[in-house]
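Written out below as structure tokens is the structure these notes cover.
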Protein chains: 2
Amino acid sequence: MTILDWTERFKGTAALPMDVRERLNKSARVTHMKKGDQVFGPTNIPDSLFFLYDGRIRVSQTSDAGREIVLYRIEAGDSCVLTTACMLAEEAYNAEGIAETDVTVVILPKPAFDRLSSEEDAFRNFVFAAYSRRLIDLLRVVDDVAFGRIDVRLAERLLALGDGLKEVRATHQNLASELGTAREVISRVLNDFQKRDLIEQSRGLITFKDKAGIGAIAHSA
Amino acid sequence: MTILDWTERFKGTAALPMDVRERLNKSARVTHMKKGDQVFGPTNIPDSLFFLYDGRIRVSQTSDAGREIVLYRIEAGDSCVLTTACMLAEEAYNAEGIAETDVTVVILPKPAFDRLSSEEDAFRNFVFAAYSRRLIDLLRVVDDVAFGRIDVRLAERLLALGDGLKEVRATHQNLASELGTAREVISRVLNDFQKRDLIEQSRGLITFKDKAGIGAIAHSA
DNA sequence: GTCCGTTAGGTGACAATGTCACTGACGGTT
DNA sequence: AACCGTCAGTGACATTGTCACCTAACGGAC
């Protein structure tokens with residue numbers, strides 16, 4: 001296997017001096033995981049730092065009753081601060097990360113992380129920024145869940161998941177888990193959207209008929 | 001005015017060498033604010049780091065419609081990472097911090113913060129830990145709002161606010177803002193508690209009659 | 001192909017929570 | 001006493017969540 005220079009992929013490492021990057025490439029471990037794998041979770045608390053080289057990870061939280069809500073997604077080039085957070089806080093948490101695609105993960109041992117964040121401003125700022133983004137993400141989730149209407153949230157999420165395409169491949173249950181609600185609720189709202197000729201539905205697939213109309217609902221908050 | 005050695009108050013600074021602490025005492029600014037003052041908010045984005053020397057700050061988020069939810073509280077000895085987060089992410093946010101008591105705040109200019117977090121492991125870990133706690137706090141808020149029953153959440157919050165005392169001084173609107181719901185909802189639940197002889201109510205005051213009963217509700221999730 | 005189990009989705013009744021409009025109750029000021 | 005602002009109570013209704021149960025679609029196994 002060829003050696004992967006992952007340091008070019010991350011804002012916090014790309015700008016580092018060559019010797020530092022070479023050292024990193026030696027001390028970090030690169031792992032691949034399959035779509036659907038659990039990257040981290042309550043029973044799988046890592047003692048190292050995660051960086052996502054390639055793919056996408058969905059971070060969600062599950063209630064005692066088994067209902068689920070998606071908190072945010074980690075994209076390639078981003079680091080996963082939640083695992084570090086839980087390491088540091090040493091608190092129970094019930095969030096988990098699922099690989100939404102095949103993923104390539106860089107695992108940096110804590111000593112290397114400590115050394116890097118003390119010696120390299122660029123790296124430290126990168127980590128702080130990652131924390132910040134997640135905090136902001138969660139503020140948004142709180143706002144949506146506490147104050148948002150479900151039709152608005154669903155319209156937003158459909159557009160986000162559809163990203164440029166004219167259809168979304170997801171079951172009603174999938175969408176319910178995105179928003180932290182029940183399948184029946186999603187079914188009702190989607191049927192309403194359908195009656196208003198905004199979408200078409202078939203098993204596991206939603207097709208946009210009037211994206212502007214969906215957008216209007218999404219922005220009517 | 002006597003010079004306040006605030007560095008002894010924070011985990012991240014108390015263990016530092018004396019010379020570093022003296023330098024910090026010179027570069028930081030100590031400010032006092034009155035109960036009720038806005039320490040930070042959407043229109044008041046600081047370019048420095050906040051440390052809370054004394055008092056308590058309530059951090060809450062307000063919806064477009066004007067409904068409010070309390071996210072967490074900052075206690076003495078803690079740092080306020082949300083302001084830094086927003087600085088770094090440079091994103092709009094609608095959280096604000098209100099002084100719940102008279103407070104003493106230490107403001108550390110960014111250059112001093114950068115230098116400190118690069119040079120001192122203890123300080124850097126302190127900041128990371130502060131971020132982590134807030135992330136965990138927000139996970140809890142999301143869980144509560146998305147999946148929690150309102151009577152359970154209210155019971156929990158009453159006990160938290162009553163902390164050891166036999167009464168809670170708060171209006172129904174105050175409690176609604178704690179939980180991100182409407183006053184009417186709180187009124188209904190409190191009347192139910194009253195009918196079950198768990199509390200007594202008078203204008204702006206709730207008195208526990210059966211704290212164990214309230215506790216039972218709080219833990220029935 | 002048929003059979004069959006699994007999964008996706010539909011439906012109606014009901015419960016919990018949020019919204020709205022309005023009312024009265026209380027405390028302080030004049 | 002009269003006035004005023006804040007606090008709380010109430011009923012009607014809308015939205016969202018829960019539950020029980022159903023049907024339809026799909027994908028093997030045979």
Side-chain angles (χ1 to χ4, degrees), chain A residues 36 61-69 141-158 161 167-196 199-207 217 220-221, chain B residues 36 62-69 141-158 167-196 199-207 217 220-221:
Chain A
Q61 194 175 30
T62 304
S63 78
D64 297 334
R67 238 167 67 194
E68 192 183 359
I69 183 169
V141 174
V142 170
D143 194 279
D144 282 356
V145 174
F147 307 128
R149 292 179 52 88
I150 183 80
D151 52 350
V152 175
R153 293 175 58 209
L154 180 53
E156 280 174 0
R157 194 56 64 103
L158 283 175
L161 293 173
E167 56 181 33
V168 176
R169 193 159 292 279
T171 67
H172 292 189
Q173 182 56 61
N174 293 152
L175 295 169
S177 296
E178 290 281 335
L179 303 183
T181 183
R183 177 188 58 81
E184 297 93 317
V185 175
I186 298 294
S187 294
R188 275 202 294 249
V189 177
L190 284 180
N191 284 335
D192 178 57
F193 286 177
Q194 190 174 31
K195 267 183 202 131
R196 292 156 68 181
I199 58 166
E200 274 176 359
Q201 295 185 72
S202 65
R203 196 184 172 85
L205 183 72
I206 291 140
T207 310
I217 294 174
S220 70
Chain B
T62 304
S63 78
D64 297 333
R67 238 167 67 194
E68 190 184 359
I69 183 170
V141 174
V142 170
D143 194 279
D144 281 356
V145 173
F147 308 127
R149 292 177 52 88
I150 177 88
D151 52 350
V152 174
R153 294 175 57 210
L154 180 54
E156 280 173 1
R157 195 57 64 105
L158 283 176
E167 56 180 34
V168 176
R169 191 159 293 280
T171 67
H172 293 188
Q173 182 57 61
N174 293 151
L175 294 169
S177 296
E178 289 281 335
L179 303 182
T181 184
R183 178 188 58 80
E184 296 93 319
V185 175
I186 299 294
S187 294
R188 276 202 294 250
V189 178
L190 284 180
N191 284 335
D192 178 57
F193 286 177
Q194 189 174 33
K195 269 182 201 132
R196 293 156 67 182
I199 59 165
E200 275 176 359
Q201 296 186 72
S202 66
R203 198 182 172 86
L205 182 72
I206 291 139
T207 310
I217 294 174
S220 70

A/Ala146 backbone acceptor or donor facing B/Arg67 side chain under 3.5 Å: yes
Most 5' of A/Arg183 and B/Arg67 on DNA chain C, judged by nearest nucleotide: A/Arg183
Rounded distance (Å) that lies between atom P of C/dA16 and atom CG of B/Asp192: 10 Å
Of A/Arg203 and A/Arg153, the one whose closest DNA chain D nucleotide lies more 5': A/Arg153
Flag side-chain contact, heavy atom, 4.5 Å: A/Asp64 against B/Phe147: no
Under-3.5 Å donor-acceptor pair between B/Arg149 side chain and D/dG17 base: no
N or O in side chain of A/Thr181 less than 4.0 angstrom from D/dG17 OP1/OP2: yes
Touch class at under 4.0 angstrom, heavy-atom based, for B/Glu184 against every strand present: base
Whole angstrom value for the distance that separates C1' of D/dT15 from CG of A/Asp144: 17 Å
Interatomic distance where CD belongs to A/Gln194 and P belongs to C/dG10 [whole Å]: 8 Å
Qualifying residue, where the test is side-chain contact (heavy atoms from CB on, under 4.5 Å) with A/Glu167 and the options are A/Ile206, A/Leu158, A/Leu205: A/Leu205
Nearest listed nucleotide, side chain of A/Arg188, among D/dA8, D/dT16, C/dT19: D/dT16
C/dG10 phosphate, OP1 or OP2, under 4.0 Å from A/Ser187 side-chain N/O: yes
Check ion pair A/Asp192-A/Arg188 (N to O, under 4.0 angstrom): no
Nearest-angstrom distance from the residue atom CG of B/Asp151 to C1' of C/dA16: 9 Å
Short side-chain donor-acceptor distance under 3.5 Å, A/Asn174 and A/Ser177: no
Nearest-angstrom distance from the residue atom CG of B/Asn191 to C1' of D/dA8: 9 Å
Atom-pair distance (CD1 on B/Ile150; C1' on D/dT15), nearest Å: 15 Å
Atom-pair distance (CG on B/Leu190; C1' on D/dC7), nearest Å: 13 Å
B/His172 vs D/dG9: side-chain N/O to OP1/OP2 distance below 4.0 Å: yes
Whole-Å distance separating the NZ atom of A/Lys195 from the P atom of C/dT11: 8 Å
